[in-house]
4 protein chains.
Amino acid sequence: MAQLTNQPTSQVLQPRARERRERILDAALAVFTRRGYREATMDEVAEAAATSKGGVYFHFPGKEALFLALLERSAALLLQRTQLALERTPDPAGKLDAALDVVLRLFASHRDLARLFLVEALAAGPAIQEALLAIRRRFAALIASELARAREDGLIGPLDPQLAATACFGAIYEVVTQWLLSGSPADLAEAAPELRRLLRRLVGLPDRSLDEDGTL
Amino acid sequence: MAQLTNQPTSQVLQPRARERRERILDAALAVFTRRGYREATMDEVAEAAATSKGGVYFHFPGKEALFLALLERSAALLLQRTQLALERTPDPAGKLDAALDVVLRLFASHRDLARLFLVEALAAGPAIQEALLAIRRRFAALIASELARAREDGLIGPLDPQLAATACFGAIYEVVTQWLLSGSPADLAEAAPELRRLLRRLVGLPDRSLDEDGTL
Amino acid sequence: MAQLTNQPTSQVLQPRARERRERILDAALAVFTRRGYREATMDEVAEAAATSKGGVYFHFPGKEALFLALLERSAALLLQRTQLALERTPDPAGKLDAALDVVLRLFASHRDLARLFLVEALAAGPAIQEALLAIRRRFAALIASELARAREDGLIGPLDPQLAATACFGAIYEVVTQWLLSGSPADLAEAAPELRRLLRRLVGLPDRSLDEDGTL
Amino acid sequence: MAQLTNQPTSQVLQPRARERRERILDAALAVFTRRGYREATMDEVAEAAATSKGGVYFHFPGKEALFLALLERSAALLLQRTQLALERTPDPAGKLDAALDVVLRLFASHRDLARLFLVEALAAGPAIQEALLAIRRRFAALIASELARAREDGLIGPLDPQLAATACFGAIYEVVTQWLLSGSPADLAEAAPELRRLLRRLVGLPDRSLDEDGTL
DNA sequence: TATGAATGAGAATTCATTCAT
DNA sequence: TATGAATGAATTCTCATTCAT
């Protein structure tokens with residue numbers, strides 16, 4: 001469960017190499033975001049990473065693997081933060097809000113990462129699709145398990161946790177995508193309170209009457 | 001019934017040519033769904049349309065334009081059917097259900113088409129992304145206007161119709177995408193009743209106590 | 001000698017057709033001048049002539065033939081005017097000046113025609129090269145014969161009339177070409193008096209001490 | 001001897017690559033002369049250079065750039081030789097003859113090259129035309145500066161050095177072109193003595209009474 | 001005569017990947 | 001480890017020409 005940042009070889013990398021590997025990933029994120037998976041070229045990645053094409057190929061066996069590594073790295077970040085937020089929120093009824101906050105905050109501050117996840121990855125080829133889907137499912141499962149628990153606790157009425165989680169994820173996904181691609185709302189945080197209310201209703205949680213921390 | 005087959009050129013085509021143009025679009029749909037936007041080649045399209053490469057280029061100035069034409073044609077179909085369903089449903093409270101039914105039914109029966117437009121299209125270049133986004137927004141606007149009316153009629157409580165419509169669309173979109181990519185649920189129709197309930201709650205409609213036609 | 005404007009068929013053309021044929025030639029001149037022989041397309045010619053591609057092909061068997069016809073038409077004009085000027089100039093010593101005047105005046109007022117002749121035609125394929133060369137030789141022969149006569153009359157010293165005529169033509173050619181392509185001198189006429197002096201010297205004519213008509 | 005093989009890229013090439021770059025240029029010269037600019041294909045160049053198409057594109061960004069590089073390389077050779085000949089001829093009155101000799105000799109011994117740059121290049125597109133024109137002007141400027149000095153030295157009478165140089169260049173150009181295209185005179189050297197006489201007269205130099213080395 | 005439509009042989013160019021230093 | 005050079009299959013698009021109405 002911990003092995004999220006994949007190493008290309010099982011050998012231990014020198015610190016220098018590890019550093020370069022990270023630099024390449026950073027560069028790849030920038031390039032894939034700017035140009036899209038298909039349009040991005042390994043040349044561009046190499047140049048952005050201030051290395052050579054051969055150098056990129058030393059660290060990653062190919063373009064697809066590079067994208068995949070990027071995806072994993074980013075997914076780990078998102079999942080970790082979400083999990084942490086869920087753990088830190090004792091109130092069962094507030095967990096959904098907490099997760100939403102984490103996601104919106106992360107995407108709002110890493111627009112490029114959002115683009116990569118929500119837009120590019122879907123159509124970058126079967127292998128990547130597979131990986132992306134797994135990540136999405138892992139994320140939805142996180143929500144689903146909280147929903148299941150909430151239901152057991154009698155906090156919410158009967159529902160299909162999987163489907164509800166998927167629907168929640170989709171609602172967030174679309175709001176973020178519209179923000180990404182059409183720039184509306186200008187600030188993603190604006191949409192947070194209303195979206196929170198909608199999602200609470202969707203899963204059957206009562207509206208929070210007193211919203212003490214309306215900030216995102 | 002009117003504006004379904006869009007004519008990108010303002011010139012009047014001879015009947016023969018009009019026929020061939022449609023044949024090319026049909027062939028293109030088949031090829032794009034089978035191979036994906038990027039993998040599909042104009043050669044394949046030409047062959048599938050039983051015409052020459054030049055013939056395709058006579059009717060469409062390029063690959064992107066061809067895809068766009070296809071996108072518009074299909075989007076028009078989806079939007080038109082949805083609009084029709086909304087008009088045919090007198091009960092304001094049932095309109096959302098009706099729209100959902102149309103979309104799920106259409107996608108369920110045209111899985112390839114759904115895959116093409118929900119998944120492939122995202123990575124087909126900025127112009128197509130732009131067009132796709134516009135279509136999504138048009139669709140969300142359809143829902144939003146119904147929500148706005150429902151609110152005026154006092155059927156639902158106060159909400160941001162735009163955001164709620166976007167969230168609804170996203171929820172549907174994600175359920176369909178999961179079905180497309182992971183094959184679960186096996187039958188999209190299975191998810192319909194529960195999804196309907198979730199969306200009704202999301203927008204603030206009361207659950208239908210007596211659901212006489214629970215089938216999709 | 002009179003058959004300069006070639007008719008594609010030996011049949012007599014209707015006035016309408018003759019008119020359209022001219023319109024196509026005019027359009028072709030414009031297009032070839034603007035785009036160059038290779039870059040120009042038959043579509044462009046057809047559009048410029050406000051007719052269809054098929055229409056162009058009715059009047060001319062192909063692109064090369066079209067260019068050739070244009071070349072012949074223009075050459076006829078140039079040669080006719082030059083010949084006329086030579087005949088109208090009784091003074092043997094003034095004939096060279098007269099020819100120079102005609103050429104510079106014609107090119108200055110038909111820049112596109114000059115471009116066609118001096119720049120495009122050379123590299124438009126063997127058949128056209130052949131034709132162009134014949135025209136150039138015809139023109140040089142005109143000068144050469146005058147030089148030969150001048151020599152017989154003792155007006156100028158011994159020289160190779162062919163070579164001298166070629167050199168004269170080349171000198172003019174280059175001056176016009178530089179004007180065409182680099183725009184210097186701004187007005188071709190500016191160069192006329194000095195060029196006249198140079199050419200007179202080249203062939204061995206004495207400088208005209210009193211230049212009564214220095215205007216081009 | 002210095003700036004002969006121009007490096008379009010500022011990067012330092014490995015010796016192997018430098019070698020191959022030259023090989024590609026040589027191959028390109030052969031192909032372009034044999035087939036003409038437009039008819040020549042990059043495939044042919046690659047094959048003639050015993051490399052791959054990609055290899056050619058690694059060194060030159062495109063067909064036009066390849067031709068341009070070739071043009072510059074050859075022009076540098078011509079200009080360098082001419083300049084050298086001018087420097088080596090102490091007698092101011094003999095400089096024009098020396099330049100003429102160099103040019104005629106070079107073209108006579110490299111007919112294909114002459115054809116390529118005097119005839120083909122004209123129709124190779126605006127960028128190449130521009131470059132070609134610049135070269136012509138550089139060459140004419142060489143002559144012009146000599147003419148200006150000769151005039152200062154009182155060797156020749158008043159004239160416009162620019163125009164005279166252009167005219168000289170044009171005369172030579174035309175004689176060479178006629179030789180190239182019509183094959184007359186059979187040997188370009190035949191025309192040298194008479195052409196020399198004509199040009200001397202054109203610029204106002206006295207005929208050399210005793211021509212000790214009338215051979216080209 | 002004229003037209004719009006169709007053809008199809010080719011072209012230039014791209015780029016993921018490999019490899020010799 | 002890293003690099004620059006090289007590869008070559010694959011792809012989009014062009015356009016002179018032909019042809020059915």
Side-chain angles (χ1 to χ4, degrees), chain A residues 13-14 16-17 20-21 38-46 51-66, chain B residues 9 11-21 24 38-46 49-64 66, chain C residues 13-14 16-17 20-21 38-46 51-66, chain D residues 9 11-21 24 38-46 49-64 66:
Chain A
L13 290 170
Q14 309 295 331
R16 250 218 200 146
R20 176 155 296 191
R21 192 174 184 278
R38 293 287 185 178
E39 298 302 315
T41 72
M42 292 300 262
D43 273 285
E44 288 170 311
V45 172
T51 182
S52 66
K53 230 193 297 202
V56 178
Y57 273 91
F58 174 78
H59 287 287
F60 302 93
K63 191 183 178 182
E64 195 172 61
L66 176 58
Chain B
T9 59
Q11 292 163 35
V12 181
L13 291 171
Q14 294 172 1
R16 262 266 191 90
R18 194 187 303 263
E19 210 174 272
R20 176 153 298 193
R21 189 177 188 278
I24 292 171
R38 225 52 195 211
E39 300 302 316
T41 72
M42 293 299 262
D43 277 282
E44 288 171 310
V45 172
T51 183
S52 64
K53 222 187 304 196
V56 177
Y57 275 93
F58 176 79
H59 287 288
F60 303 94
K63 191 182 176 181
E64 195 173 61
L66 177 56
Chain C
L13 290 169
Q14 309 297 330
R16 252 221 199 143
R20 173 154 297 190
R21 192 177 186 277
R38 294 285 185 177
E39 299 301 316
T41 71
M42 294 298 263
D43 273 285
E44 288 171 310
V45 172
T51 181
S52 66
K53 228 192 298 199
V56 177
Y57 274 91
F58 175 79
H59 286 288
F60 301 94
K63 191 181 177 183
E64 195 171 61
L66 175 58
Chain D
T9 61
Q11 292 164 34
V12 181
L13 289 171
Q14 294 172 1
R16 262 267 191 88
R18 195 188 302 266
E19 210 174 88
R20 175 154 298 189
R21 191 178 188 277
I24 292 171
R38 225 56 196 209
E39 299 302 317
T41 72
M42 293 299 262
D43 275 283
E44 287 171 311
V45 172
T51 184
S52 64
K53 226 186 298 194
V56 177
Y57 275 93
F58 177 79
H59 286 287
F60 303 94
K63 191 181 177 182
E64 194 172 62
L66 177 56

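Note on naming: letters A, B, ... go to the chains in the order of the sequence lines (proteins, then strands), and numbering restarts at 1 for each one.
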Please state whether the phosphate of [N], meaning OP1 or OP2, lies under 4.0 angstrom from any side-chain nitrogen or oxygen of [X].
| X | N | result |
| --- | --- | --- |
| Arg20(D) | dG4(F) | no |
| His59(C) | dT1(E) | no |
| Thr51(A) | dA2(F) | no |

What residues form a salt bridge (Lys or Arg N to Asp or Glu O under 4.0 Å) with Glu64(B), not counting sequence neighbours? none

Using the salt bridge (Lys or Arg N to Asp or Glu O under 4.0 Å) criterion, which residues pair with Arg38(A)? Sequence neighbours excluded. Glu39(B)

Looking only at heavy atoms, what is the nearest atom pair of Ala17(B) and His59(B), with distance? O-CE1, 3.5 Å

From the candidates dT7(F), dA6(E), dT3(E), the one with an atom nearest any side-chain atom of Ser52(B) is dA6(E)

Rounded off to whole Å, could you give me the [atom1]-to-[atom2] distance for the [X] and [N] pair?
| X | N | atom1 | atom2 | result |
| --- | --- | --- | --- | --- |
| Phe60(D) | dA6(F) | CZ | C1' | 14 Å |
| Glu19(B) | dG4(E) | CD | C1' | 16 Å |
| Phe58(C) | dG4(E) | CZ | C1' | 17 Å |

Run the side-chain contact (heavy atoms from CB on, under 4.5 Å) check on Thr41(B) and Glu44(B) step by step: do they pass? CA-CA 5 Å; Thr41(B) 72; Glu44(B) 288 171 310; 3.2 Å; yes

Starting at the 5' end of nucleotides 16-21 of chain F, put B wherever the base has a protein heavy atom under 4.0 Å, S where only the sugar-phosphate does, and a dash everywhere else. BBB--S

With sequence neighbours left out, the residues meeting side-chain hydrogen bond (donor to acceptor under 3.5 Å, both in side chains) with Ser52(C) are none

Sequence neighbours excluded, which residues qualify as side-chain contact (heavy atoms from CB on, under 4.5 Å) partners of Ala49(D)? Ile24(D), Ala27(D), Thr51(D)

Taking Watson-Crick (N1-N3 plus N6-O4 or O6-N4) and G-U wobble (N1-O2, O6-N3), each under 3.5 Å, can you produce the dot-bracket string of DNA chain E? Use [ ] for crossing pairs and | for inter-strand ones. .||||||||||||||||||||

How many angstroms lie between CZ in Arg21(B) and CZ in Phe60(B), if you round to the nearest 0.5 Å? 4.0 Å

Within this structure, what is the OH-CE distance for the pair Tyr57(A) and Met42(A), rounded to the nearest 0.5 Å? 4.0 Å

